[in-house]
Amino acid sequence: MPLARPDLRPDPSLSRDEMEALQRDIAAAATFDDDHALDPAGVAVSEAASLADGLPPARDGDQACLDAGTDSATAHDADAPVVVGVDQAFRTDRADAPDAAVSAAVAFRDGDVIEYASATTPLSIPYVPGLLAFREGGPILAALDALDADPDLLVCDGSGRIHFREAGLATHVGVLHDVPSVGVAKSLLCGEPDEPTDERPAGWRTPVRAGDAVTTAETGTVIGHAFQSRQYPTSKRVNPLYVSPGHRVSAASAVDLVDALCAGYKLPEPTRLADAYADAAKRDEE
DNA sequence: GCGACAG
DNA sequence: ATCTTGTCGC
């Protein structure tokens, strides 16, 4: 499907100032309200997929469909919302060749995977905090391009509104496609949690508010949540997730949606599967 | 000048 | 993100 805003693509060749200016445009074009009809219960994933069963083999820029009907006798609603998780693995080439990003997009409907897609894209710029979309945005768009399914919700690995200019990776990708999106990060880029996040029980959450680092929002604005998706009864402690709105989703709905997409593991299933598929696709190339 | 900083 | 075996705990 074509981009809704091709003019806002994250061009890696822009100067730093131009990148930041583009992010302000992205934030201005983004919506952090529930301008959709996504019900957490309607996208919930109840059973975690076994990654040991092996994922479908992938060729670059290719998508893999699943054998229909052989497994669960569940009647799939063709109208149910499609949730797509995107993630990437990185390949370090030998010597002269540039590194490459192997992106994966995994589509879910009714709690089950309906399609896998991946794409390999050369990386042009290094990782710079705050400018992640200019490094990984292109690769992600390539994976989404290889996907046949049309997403009703995108789950990105990284922040959305929790960003210096409220234009993190999830927000950027969401605006480009004008599709509801949420950002799921494993560490906090900026912002301040209302309460300490240490050793919290599963299901616990606290708002993350904008501080001085967030230049486009008033201090105190809720830009996301720290969310304890999983926790062990004793000893070892699991770090919380940092969930934020990407586009067309409120901060409250973003956590509720991610909560519904979790099935026993720290990461929501769409992200967990996309992570595994990106790794598998990378290994298949070696 | 120093610190902080998704993947 | 990536380099990697064992190991602690449910």
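Computed from heavy atoms alone, side chains included, the values below leave out hydrogens, waters and symmetry copies. Just so it is clear, the model here is predicted, and its values are computed rather than measured.
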Query raised in the report: So, A:D34 and A:S250: side-chain donor and acceptor under 3.5 Å apart, yes or no?
Result: yes
Requested in this report: Provide, to the nearest angstrom, the distance between the OH atom belonging to A:Y232 and the C1' atom belonging to C:dG9.
Outcome: 9 Å
Query raised in the report: Quick one: does A:R200's side chain have a donor or acceptor within less than 3.5 Å of a partner on A:N239's backbone?
Result: no
Query raised in the report: With centres under 5.5 Å and planes under 30°, do A:Y127 and B:dG7 count as stacked?
Result: yes
Report task. Send over the distance from A:I162 CD1 to B:dA4 P, rounded to a whole Å. Result -> 19 Å
Report summary line: Picking from B:dC5, B:dA6, B:dG7, the nucleotide nearest the side-chain atoms of A:S159 would be B:dA6
Query - Closest to side chain of A:S187, choosing from C:dT2, C:dA1, B:dA6 - result: B:dA6
Query raised in the report: Base, sugar-phosphate alone, or nothing: which one does A:F164 contact when heavy atoms must sit under 4.0 Å apart?
Result: base
**Report entry** Closest to side chain of A:L132, choosing from C:dT2, B:dA6, C:dA1
**Finding:** B:dA6
Report task. Can you tell me the distance, in whole Å, between the CD1 atom of A:I125 and the P atom of B:dA6? Result -> 15 Å
Report task. Pick base, sugar-phosphate or nothing for A:A89, based on heavy-atom distances below 4.0 Å to the nucleic acid. Result -> sugar-phosphate
Query - Basic-acidic side-chain contact under 4.0 Å: A:R205, A:D259 - result: yes
Query raised in the report: What class does the angle between the rings of A:Y116 and A:Y277 fall in, given that below 30° is parallel, 30 to 60° is tilted and above 60° is perpendicular?
Result: tilted
**Report entry** Between P of C:dG9 and CZ of A:R230, the distance in whole Å
**Finding:** 16 Å
Query raised in the report: Does a donor on one side chain and an acceptor on the other come within less than 3.5 Å for A:T221 and A:E218?
Result: no
Query raised in the report: What is the distance, rounded to the nearest whole Å, between atom CD of A:Q88 and atom C1' of B:dA6?
Result: 11 Å
Query raised in the report: Base, sugar-phosphate alone, or nothing: which one does A:L131 contact when heavy atoms must sit under 4.0 Å apart?
Result: base
Query raised in the report: Does A:K282 put a side-chain nitrogen or oxygen below 4.0 Å from OP1 or OP2 of C:dA1?
Result: no
Requested in this report: Rounded off to whole Å, could you give me the NE2-to-C1' distance for the A:H163 and B:dC5 pair?
Outcome: 10 Å
Query raised in the report: Roughly how many Å is it from CZ in A:R165 to C1' in B:dC5, rounded to a whole number?
Result: 11 Å
**Report entry** Interatomic distance, A:I140 CD1 vs B:dA6 C1' [rounded to whole Å]
**Finding:** 11 Å
Query raised in the report: Quick one: is B:dA6 close enough that its OP1 or OP2 comes under 4.0 Å of any side-chain N or O from A:K186?
Result: no
